[in-house]
Q: 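Can you read through this structure? Questions will come right after.
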Amino acid sequence: MSLRTDRFGGAEVVPFPRRTPGAAASASEARLPVLIVLHQESSTPGRVGNALRALGHRLDIRRPRFGDPLPETLDQHAGAVFFGGPMSANDSDDYIRREIDWIEIPLREQRPFLGICLGAQMLAMQLGARVAPHADALTQIGYYPIRPTAAGHALCPDWPEQVYHWHREGFELPVGAEQLAEGDNFPVQAFRAGNAFGVQFHPDVTYAMMHCWTTRGYDGFSAPGARQRHHHFADRAVYDFAERAWLDHFINGWLARRPVLAQAAE
């Protein structure tokens, strides 16, 4: 049974606080690990993992698909990141349902949570939104434009013009959530629900990961809307610097968010 909440807390959009490992974060806070949930044996946290390590955080990597348990609370973690995968949030596999239900914990505890692609779809589904393929069976495989909303720009300026995608499904904006970025064929590209964030795109993809994905996933290039392999690398040369700079700023501010109740108690 899924426990859903519409009490996000902190509804007002304010800019991300800035933080450096030795300054705004205490030494004990910097040592807290970040929970990393991956969905394939060979998956890595990529550039997101690099950004977290640079801030002084260890990575607690778990793969529930292969039997790893998830914690009953995030008291011993600085936050949690759910990554993508070739499966669907609509699949009936037990681990998919368990992961979606588990997201209730960071929502209830107001802990930093980030869902990327499949992870964002799981977050949207936990919040009661629909996840589904495009009505015309379109995909996004490659670089595509996004546009920050006023709330997205206020929270985190300097969004990239185009970002890397690899998905066949999208999601509706959950009731009560704040949309941070929009797109064309898949309108909801980023959203916030309290301290939980979901992005449809893949800021985690490194150059090596792109080589791997475009080699193993070559069959996806025949899907409607997909960009051919050579465009992935040509576009990366143009847009990757801005996407990487945005990710560093985003991760820094995202982890600096703390539960509203904990702040009020100080």
Side-chain angles (χ1 to χ4, degrees), residues 2-19 21 24-39 45 48-49 51-64 68-84 89 98-129 155-156 174 176-178 180 190-199 203-204 247 249-266:
S2 177
L3 300 175
R4 294 188 170 88
T5 177
D6 57 3
R7 296 177 297 174
F8 302 142
E12 182 180 356
V13 176
V14 295
F16 273 143
R18 290 189 174 273
R19 186 192 71 160
S26 68
S28 60
E29 179 190 4
R31 286 195 296 268
L32 283 176
V34 174
L35 179 67
I36 300 292
V37 174
L38 302 174
H39 295 103
V48 169
L52 292 171
R53 292 187 189 98
L55 289 172
H57 293 275
R58 292 168 291 121
L59 306 183
D60 180 2
I61 297 177
R62 307 200 191 190
R63 294 176 170 85
D68 292 341
L70 291 173
E72 295 182 358
T73 177
L74 280 178
D75 283 347
Q76 301 304 313
H77 292 84
V81 186
F82 276 38
F83 286 79
R98 288 197 306 270
E99 288 186 30
I100 293 171
D101 288 348
W102 183 89
I103 294 173
E104 185 271 337
I105 292 175
L107 290 173
R108 170 166 43 83
E109 296 181 346
Q110 301 178 27
R111 305 291 181 178
F113 176 89
L114 173 61
I116 297 174
C117 197
L118 172 63
Q121 295 166 6
M122 288 179 163
L123 172 61
M125 186 168 286
Q126 162 62 224
L127 294 170
L155 186 79
C156 184
E178 187 89 45
L180 302 178
F191 71 95
R192 175 183 82 101
N195 289 339
F197 294 78
V199 296
D204 54 312
L247 175 65
H249 184 184
F250 179 89
I251 290 294
N252 193 330
W254 167 74
L255 270 184
R257 300 178 70 90
R258 294 188 296 166
V260 173
L261 295 178
Q263 293 177 16
E266 293 179 352

Q: Quick one: are L180 and E178 in side-chain contact, heavy atoms under 4.5 Å?
A: yes

Q: Would you say L114 and L123 make side-chain contact, with heavy atoms under 4.5 Å?
A: no

Q: Which heavy atom of L127 sits nearest to which heavy atom of A193, and what is that distance?
A: CD1-CB, 3.8 Å

Q: Please enumerate all residues that pass side-chain contact (heavy atoms from CB on, under 4.5 Å) together with P64, with sequence neighbours excluded.
A: V37, L70, E99

Q: Would you check if N195 and W254 make a side-chain contact, meaning some heavy-atom pair closer than 4.5 Å?
A: no

Q: Taking side-chain contact (heavy atoms from CB on, under 4.5 Å) as the test, write out the residues that go with R63, two or more places apart.
A: L38, I61, F66, D68

Q: Can you confirm whether F197 sits close enough to R257 that some side-chain heavy atom of one is under 4.5 Å from a side-chain heavy atom of the other?
A: yes

Q: What distance do C117 atom SG and M122 atom CE have between them, rounded to the nearest 0.5 Å?
A: 10.5 Å

Q: What I'd like to find out is whether the side chain of L52 reaches to under 4.5 Å of the side chain of I251, using heavy atoms alone.
A: yes

Q: Who passes ring-ring contact (aromatic ring centres under 6.0 Å, His included) against F82, sequence neighbours left out?
A: W102, F113

Q: Roughly how far apart are I36 CD1 and R58 CZ, rounded to 0.5 Å?
A: 12.5 Å

Q: Just do the salt bridge (charged side-chain N to carboxylate O under 4.0 Å, His left out) check on D60 and R62 with the steps written out, would you?
A: CA-CA 7 Å; D60 180 2; R62 307 200 191 190; 2.9 Å; yes

Q: With side-chain contact (heavy atoms from CB on, under 4.5 Å) as the test, would you mind laying out the steps for L118 and F83 before giving the verdict?
A: CA-CA 6 Å; L118 172 63; F83 286 79; over 6 Å; no

Q: Any chance you could measure Q121, atom CD, to M125, atom CE, to the nearest 0.5 Å?
A: 8.0 Å

Q: Which heavy atom of H57 sits nearest to which heavy atom of A78, and what is that distance?
A: CE1-CB, 3.5 Å

Q: Which atoms form the tightest heavy-atom contact between V199 and A190, and what is the distance?
A: CG1-CB, 4.0 Å

Q: Keeping to residues at least two apart or across chains, list the salt bridge (Lys or Arg N to Asp or Glu O under 4.0 Å) pairs with something in residues 71-82.
A: D75-R111

Q: By the definition side-chain contact (heavy atoms from CB on, under 4.5 Å), identify the one residue from L255, L55, L74 that meets it with V34.
A: L255

Q: Can you confirm whether L59 sits close enough to P45 that some side-chain heavy atom of one is under 4.5 Å from a side-chain heavy atom of the other?
A: yes

Q: Do F191 and P174 make a side-chain contact, defined as non-hydrogen atoms from C-beta onward lying under 4.5 Å apart?
A: yes

Q: Are the side chains of P71 and H77 in contact, using a 4.5 Å heavy-atom criterion?
A: yes

